[in-house]
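A short worksheet on the structure shown next.
In what follows, every chain begins at residue 1, and chains take the letters A, B, ... in the order their sequences are listed.
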Amino acid sequence: MWTRGYRPMKFSELFCPTLREMPSEAETVSHQLLLRAGYIRKAGAGIYSYLPLAQRVLKKIEAIVREEMDRAGGQELLMPIIQPRELWEQSGRWDVYGDEMFRLLDRHQRYFALGPTHEEIITSLVNGDVHSYRDLPLLLYQIQNKYRDEIRPRFGLMRGREFIMKDLYSFDMDEAGLDVSYLKMYTAYNRIFQRLKLQYRVVEADSGAIGGNESHEFMVLADTGEDAIVFCEREDFASNVEKAACVYRDEGPHEDMREMQKIHTPGMRTIKDLVDFTGEPEQRHVKTLMYFADGQLVAVILRGDRELNEIKLKNVLGCNQLFMADDDSVRSACGAGFGSLGPVGMDIKIYADQEIAGLRNFTCGANEDDYHYINVNPGRDFLPEDYVDIRNAVEGDLCPVCGHPLKAARGIEVGHIFKLGTKYSQAMNATVLDKNGQSVHIVMGCYGIGISRTMAAAVEQNHDENGIIWPIPITPFQVIIIPINVKKQEQMEAALSLYNELQELGLEVLLDDRDERAGVKFKDADLIGIPLRIVIGPKALQENQVEMKKRWENEIYNIAIDQVAGTIMNILKEG
RNA sequence: CGGGGCGUGGCGCAGUUUGGGAGCGCGUCUGAUUUGGGAUCAGAAGGCCGCAGGUUCAAAUCCUGUCGCCCCGACCA
């Protein structure tokens with residue numbers, strides 16, 4: 001149920017510098033509370049020290065992760081943080097990874113990377129010592145610091161430049177083997193997040209730069225999450241909006257096409273300007289975006305109320321590099337600037353979102369500054385290269401499986417699993433001999449859990465105005481005992497005796513033996529988030545009773561001292 | 001990298017516009033009175049005003065440069 005082996009603790013000896021005031025640098029709840037409650041301190045942008053309370057939480061999360069990785073057949077190892085450049089050149093990622101990789105020079109002017117991930121090193125490791133199909137499958141993992149020079153570290157532990165991650169890599173003979181390994185991890189991840197008592201959802205995800213074809217993300221649900229997801233309440237479908245296919249259904253019958261007209265629209269550059277000007281809703285406008293795809297200019301058109309999904313666009317175009325065109329390039333190619341662009345008469349390849357096909361009599365730019373067309377119709381007034389799915393999914397879109405309207409939510413990505421296939425084994429020539437003595441590339445998968453991020457996500461999801469409310473499986477202490485007045489001998493004696501009794505039962509107990517006013521101790525107990533609080537005060541003590549309070553409830557119960565241990569054990573068992 | 005903001009005792013901030021005393025609240029230390037939701041009184045310690053250069057009789061304040069941090073956008077566990 002919980003992990004033993006941590007010494008109980010007296011608050012007077014604990015290094016837990018709580019802050020009365022909110023640190024000004026923190027914006028997000030988890031960042032604020034972890035700082036205020038004395039869990040973390042910043043050493044630099046995106047770089048933190050974990051204080052004793054945080055270390056306890058991290059160790060608990062790690063313990064659960066380890067148990068489930070081992071249960072699924074994983075073997076723990078530890079790989080270096082400092083990795084030679086040559087390995088990264090073999091996989092081609094020395095260049096591809098770009099500025100996000102920390103690089104350093106040794107005294108001989110040789111380059112090294114601070115590992116942002118460990119595919120290269122583990123592939124090379126396995127390649128050196130695994131030669132036969134008899135050695136597979138192999139599941140290897142570690143819990144290690146990772147280094148990514150994030151463009152913008154933020155939200156405390158949520159997006160650090162140094163963070164703790166569990167990463168497991170699977171090695172199989174073939175795709176069928178990979179499917180088995182992937183399923184093992186999928187199952188293990190579900191067990192982990194259930195055991196952590198976090199509300200989460202598994203969503204389909206884009207596999208991004210790491211490569212591969214199938215991928216799921218494990219999202220802890222929180223309004224402050226950086227990712228948007230959509231899910232279906234009826235069917236087994238949930239997806240990151242980056243990935244979610246948008247179902248398009250032609251609603252027909254369509255209104256009659258009217259005659260296209262050019263109108264004067266001085267100074268109007270945004271959809272909102274046009275909505276105000278024409279009185280037509282956003283859905284009856286079309287916006288035009290210009291991109292460079294591997295150096296070639298393309299136009300993209302979407303309904304006015306939609307957001308372009310660059311990942312989808314990149315996949316549709318099959319390009320490596322995609323970025324928005326600058327104003328000068330657009331002007332010289334189209335004869336007008338952003339805000340006045342449109343598909344009519346444009347001799348650049350146009351990719352239209354699939355919804356555009358069903359629009360009638362919409363408004364768009366005329367490729368002439370301060371002019372727009374109204375009553376534009378696809379097919380009649382312009383022909384796109386193709387109609388494609390390139391917008392972000394939103395709430396209310398139809399489920400691709402059952403057609404039911406989708407719900408939207410926000411989430412914190414705490415786990416991500418990928419089927420890599422042979423991307424790295426080919427690049428680094430990692431092979432084994434199969435039963436026929438034939439050399440085949442190893443089929444790989446990789447599976448990450450952000451350990452430090454999970455701690456932050458847990459706080460994000462479990463707190464109130466007074467502080468953190470730890471889920472029992474990861475709380476730094478299960479019980480805090482507060483004698484109201486440590487100078488009253490009978491209170492301290494009762495407290496100490498209870499403290500000893502509970503710790504002998506294997507519980508993690510924090511005894512607040514500080515000579516502080518009761519209010520201070522209550523405030524700190526709430527702030528640092530201990531689930532169960534035992535208060536030893538003069539009134540109840542005369543009756544041989546103490547007060548018990550659950551951090552997530554308001555009620556206070558009086559309990560006979562000799563029943564405290566049993567009551568606590570029951571509550572903890574229920575989790 | 002672009003846009004916005006901030007660097008002044010441990011924390012939160014005022015002071016900068018208009019140059020001339022380094023201040024306030026919290027915390028810390030000592031003593032007393034207190035003791036059930038962040039006590040009160042008395043006393044004390046603690047600051048290269050991010051750093052460098054410049055202007056000036058005089059710079060936290062004006063100028064130049066530089067470093068760091070936070071927030072908004074593209075990356076990801």
Side-chain angles (χ1 to χ4, degrees), chain A residues 17-28 31 35-36 38 41-47 61 65 96-101 116-118 143-168 189 205-210 215 217-220 226-227 240 242 308 310-311 314 321-324 326 411-418 446-457 466-467 482-488 491 514-527 533 535-541 547 549 556:
Chain A
T18 58
L19 303 172
R20 179 186 294 230
E21 290 169 78
M22 203 60 92
S24 65
E25 67 183 48
E27 203 80 353
T28 355
H31 191 196
L35 277 170
R36 254 196 87 197
R41 285 295 182 264
K42 186 178 66 184
I47 305 171
I61 297 171
V65 169
V96 173
Y97 227 100
D99 293 335
E100 201 154 304
M101 188 152 69
T117 174
H118 284 71
I143 295 176
Q144 214 351 340
N145 278 3
K146 294 281 186 284
Y147 297 83
R148 291 184 195 170
D149 194 359
E150 291 284 343
I151 295 168
R152 188 153 88 83
R154 59 180 148 179
F155 305 146
L157 297 189
M158 212 70 91
R159 180 170 300 280
R161 294 196 290 174
E162 177 182 81
F163 57 97
I164 305 170
M165 178 168 148
K166 184 284 305 177
D167 47 326
L168 183 144
Y189 273 43
D206 186 84
S207 44
I210 294 185
S215 175
E217 288 169 330
F218 289 73
M219 295 283 190
V220 166
E226 290 186 88
D227 288 275
N240 196 309
E242 288 176 352
L308 176 71
E310 290 190 7
I311 292 172
K314 208 167 165 177
Q321 275 202 322
L322 183 73
F323 51 91
M324 267 190 131
D326 56 290
I412 300 163
E413 182 190 353
V414 289
H416 200 160
I417 60 180
F418 300 86
C446 81
Y447 315 85
I449 291 180
I451 302 286
S452 42
R453 179 183 280 183
T454 297
M455 174 163 75
N466 295 313
I482 302 181
I484 291 292
N485 187 339
V486 296
K487 289 187 178 140
K488 299 285 188 215
Q491 286 183 32
R514 294 175 300 168
D515 184 13
E516 287 284 357
R517 302 170 66 83
V520 173
K521 300 204 230 186
F522 292 153
K523 287 286 185 193
D524 274 343
D526 287 348
L527 184 59
R533 187 184 82 186
V535 173
I536 297 176
K539 283 163 280 182
L541 193 55
E547 290 165 19
K549 182 177 173 299
I556 295 176

Does any donor-acceptor pair link the side chain of A:Arg159 with the base of B:C76 at a separation under 3.5 Å?
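Side chain to base: pair found, below 3.5 Å.
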Tell whether A:Glu21 reaches the base of B:G27 with its side chain through a donor-acceptor pair below 3.5 angstrom.
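For A:Glu21, whose side chain was compared with the base of B:G27, there is no donor-acceptor pair (under 3.5 Å).
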Nearest-Å distance for atom pair CD1/P, residues A:Ile164 and B:A77:
17 Å
Looking at residues at least two apart in the chain, or sitting in another chain, which of them share a side chain to side chain contact (heavy atoms under 4.5 Å, CB included) with [X]?
{"X": "A:Arg159", "result": "A:Glu150, A:Arg154, A:Glu226, A:Arg453"}
{"X": "A:Ser24", "result": "none"}
{"X": "A:Pro116", "result": "A:Trp88, A:Tyr97, A:Met101, A:Arg148"}
{"X": "A:Leu19", "result": "A:Pro23, A:Arg36, A:Arg41"}

Closest to the [X] side chain, choosing from [options]:
{"X": "A:Lys487", "options": "B:C75, B:U35, B:G36", "value": "B:U35"}
{"X": "A:Asp526", "options": "B:G37, B:C76, B:C72", "value": "B:G37"}
{"X": "A:Ala518", "options": "B:A77, B:G38, B:G36", "value": "B:G36"}
{"X": "A:Phe418", "options": "B:G38, B:A77, B:G73", "value": "B:A77"}

So, OP1 or OP2 of B:G27: does either fall under 4.0 Å of a side-chain N or O from A:Arg20?
yes
Do any side-chain nitrogens or oxygens of A:Ser24 fall under 4.0 Å of OP1 or OP2 in B:C11?
no
Who pairs with [X] by ring-ring contact (aromatic ring centres under 6.0 Å, His included), at least two apart in sequence or on another chain?
{"X": "A:His118", "answer": "none"}
{"X": "A:Tyr189", "answer": "A:Phe218"}
{"X": "A:Tyr147", "answer": "none"}

Dump the pairs, protein N or O against N or O of nucleotides 42-45 of chain B, anything under 3.5 Å, distances to one decimal.
none

Looking at every strand, decide which applies to [X] at a 4.0 Å heavy-atom threshold: base, sugar-phosphate, or nothing.
{"X": "A:Glu25", "value": "sugar-phosphate"}
{"X": "A:Tyr447", "value": "nothing"}
{"X": "A:Gly156", "value": "nothing"}
{"X": "A:Glu310", "value": "nothing"}

Among residues at least two apart in sequence or on other chains, which ones pass salt bridge (charged side-chain N to carboxylate O under 4.0 Å, His left out) with A:Arg161?
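So A:Arg161 forms a salt bridge (charged side-chain N to carboxylate O under 4.0 Å, His left out) with A:Asp149.
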Residues at least two apart in sequence or cross-chain that pass salt bridge (charged side-chain N to carboxylate O under 4.0 Å, His left out) with A:Asp227, listed by chain then number, are none
Provide a list of protein-nucleic acid N or O atom pairs under 3.5 angstrom, restricted to nucleotides 1-6 of chain B.
none

So which protein nitrogen or oxygen atoms get under 3.5 Å of nucleotides 29-33 of chain B's nitrogens or oxygens?
none

Toward the 5' end of RNA chain B, which comes first, A:Val520 or A:Gly415, by nearest nucleotide?
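On the 5' side of the pair lies A:Val520.
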Both A:Gly44 and A:Arg154 contact RNA chain B. Which one's nearest nucleotide lies toward the 5' end?
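The answer here is A:Gly44.
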